[in-house]
Amino acid sequence: KKKKKITMKHALLLLGSCWLVHAAFAPFRVPGSPFPSPVAPNSTTSIVTFSDVSLSPTQLLTVQTLQGLLARRAGVQLFRVGNGQAVDSQTRWVAGLAKQFGVPVDRSLETNFTSLLGLGATAVQGLVVCSVSEKSATATRKQGRSLQELFSAPSQSYGRNQHHPAAPEPQQSDDVLKAISLAAASGWPDSEFHPMIVVDKQDLATVQAALPAASHTINTADYTWDDVMRQFGHLFSTHTAVLQDPGKYNFLADYALMAGAVAWWDSDGSLTSNLSQIVLNRLVSPAAIEGWGSSEGNLVDTLSQHGDFVNAADFAPNLAVLSSFYVPQLRQGTHSFRHTPRKGKRSVGFGEDKHTICLLFTDGDNVQWLLNDFASPQRDWFGSTKRGQVPAGWTISPSLAELAPSVMAEFYSLLTKNDQFVSGPSGVGYAVQSSFSAQSNQAFSQLTNQMLAKSDLSVVNIITDNDCAPSCTDPLLNQSNVAGIFHYYGSAYCGGRGHISFGAGGKPVVTGRAALWGSPPTYNDPASLAGALRLLPKDAHNPNSYSLIPVHVWTHNMSDVVELMNLLGDVTYNFVLPEQFVQLVQTHVFHDCANAPAKPTGAFSNTCPSYQVVCGSIRDATCANPKEVPVFNEFFDYTGCSELAVNNCNGRLQCASEICPVPADNPAQGSFSNSCTCASVIGGVLAGCHCKGKLPTQRTFFYDNCEAYSVKNCNGALICTNEPCEVTM
């Protein structure tokens, strides 16, 4: 095939023709940001694409390092794409750059290796030669050299416990990472080497012919890692580094070159090697590690102990270019509720007699997923045609505001009224607050606060090894841009079983109650989760009336959450967005325990001999009804009752000033009586019931909110007749 020559058109692009760039602003960074600042795009900026399908793995490595080197200066930039079809996310992002910033994009060279090299004719002055084995090249193809191949297979199961896929065993030595690191150290003012890119020895002659000015050549065989760190360690960034399995060498080399970041690997998940210790000890915390390790738990714990964090970016392409375009105002547009402390009287209104649910999709801290198939129309996630049918939250890394702001802006532009983003674990990046020192947690929280403001996020999802609140959560809650925390720990992120606490500033910390996850003991299908939710209370003042549901993205999707909403309906359930969820908890659940009012008064104590008073509420009360049947009251907030007076209304607690909603002689109606036996069915209260079905029957069911007082048996659980049910008994 005849090789394409550099034309006058491409020469003009290289030299910087005067194209109008509509809004290519300087890549603004928040104070203390660990992310490097590439040279800001300007009127000379243009983009030339290259195809990862048409180039060999070693050619792709060379062009990728050229991409990173060119990102250090204005002018022509290289951008990696897949097969060029609509499903290729990278083609979508480069089209977004053209649309948002008016940058011209040239796709005519993307399959021509030598012509692509020619774009670096004036930039590249040397070559780092390495040897990538044939075995590793083949393995890299299988692991995802092609973006299309990588993201067309079914998703793997991730997790802290299963949050991100374990790295495959390296298919060759880390010689290729040494080469990337040497090139990353070149071309800086204090470097002894002029700007260099990486080339495999099998491509050396071709590259030298295309880049005659690259006269200086070094070979990785001449340097040990001790040599690299001793001679060039002072040239590497002290704020970011790349941890990458050598088998994934065709990703993140562009970022390493642009950032001047060392790229290394440690097969020990806890990063115990001498090289790891040298790299980590040089970093200024909180530092950003891009890539991934061999063990999620050990990696994140170790980095957190150093005060650092990781962005799961091991398959993330084009960060060198995407991070150079600044979007000055990232706005979600779905904010309707903000942090408003509860004051005074017992509040009523929205959701008063309903159970409130917040669905939250996991793994949005995973930068490589966000940049690849997170929004793909071929996947039933953010790109699903069903998105918007049910209120749902999506986690996203605030780091995207500096790593790929144009992509984040596109996500925000696609939001429906039923979508909202929150910060993914565990703030600016993935860390474990329970493994931080107090000083590190404070620094991380302050950086997160600035990134939240930049990315227009206010709720933070964190993952820890245990219930470490409030010591691990208060540093975040003390930040002005944090409205609340969604705290995950334990099996399927639900070790807290929905517990709600309030920390600094009276802001809520909500734990996962039950998850849509892939296997027992979690709820692995919408029907079983719906059954569990039917047994929970429906009282806006009761913290157990709020359920945060993690939706595990590697085993569940939009179809599942739509099915869950259809199973439960909206008669006694509210599905709300994350900020609204936090606001409802903040407003309705009394939490000023230190200033809780005195014990309740009123006649209730005459017929409710057993109860506890905890933080403005009566809990676990057993009250008699007119038939002398004991009625269990899990929770009653008396803080808004006039003179704190409480009465017993047919076995149900209520403020003494309120009228009993259902007369004692009004029995429940409906088909429940065909399959349930109850001790009492009057006065708005069903008590002592036992119903046929797989679900346990509620100890108490208040039917005063059911239309015409009509009740049915849904597989063992009592619900209103006008609510949906998959198995009516």
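Keep in mind that what you see is a predicted model, and the values were worked out from it rather than measured.
Across all their heavy atoms, A288 and F35 have their closest contact at CB-CE2, 3.7 Å. When every heavy atom of V94 is checked against every heavy atom of T49, the shortest pair comes out as CG2-CG2, 4.4 Å. For S426 against A431, the heavy-atom pair with the smallest separation is OG-O, 2.8 Å.
In this structure, a donor-acceptor pair under 3.5 Å is present between the side chains of E402 and S33. A donor atom on one side chain and an acceptor atom on the other are not found under 3.5 Å apart for S397 and D365. With 3.5 Å as the limit, one finds a donor-acceptor pair spanning the side chains of H487 and T464. A donor-acceptor contact closer than 3.5 angstrom links the side chains of T91 and D88. Using modelled atom types and a 3.5 Å distance limit, the side chains of T240 and Y255 yield a donor-acceptor pair.
When atom types are taken as modelled, the side chain of S237 and the backbone of G260 share no donor-acceptor pair closer than 3.5 angstrom.
Contact of the V176 side chain with the L61 side chain is registered, since non-hydrogen atoms from C-beta on lie closer than 4.5 Å. With a 4.5 Å cut-off on side-chain heavy atoms, L415 and Q420 do not count as touching. Side-chain atoms of W394 and R387, non-hydrogen and from C-beta on, do get closer than 4.5 Å to each other. For the pair V428/Q450, no side-chain contact is recorded, criterion being any heavy-atom separation below 4.5 Å from C-beta on. With contacts defined as side-chain heavy-atom distances shorter than 4.5 Å, the pair L360/L548 qualifies. In this structure, the side chains of F50 and L60 come closer than 4.5 Å at one or more pairs of heavy atoms. Looking at F232 and W188, their side chains never come closer than 4.5 Å, going by heavy atoms from C-beta outward.
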Check against side chain to side chain contact (heavy atoms under 4.5 Å, CB included), L271 and H306: CA-CA 11 Å; L271 306 182; H306 280 265; over 6 Å; no

Stepwise side chain to side chain contact (heavy atoms under 4.5 Å, CB included) check, W264 with D174: CA-CA 7 Å; W264 95 107; D174 59 359; over 6 Å; no

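In Q439, the CD atom is not crowded: 12 or fewer heavy atoms of neighbouring residues, nucleotides or ligands sit closer than 6.0 Å.
A ring-centre distance under 6.0 Å is found for F411 and W93. Residues F374 and W381 keep their aromatic ring centres 6.0 Å or farther apart. For Y493 and W517, the ring centers are positioned less than 6.0 Å apart.
With N318 as reference, Q67 is the one residue of R80, Q64, Q67 to meet the side chain to side chain donor-acceptor pair (under 3.5 Å) rule.
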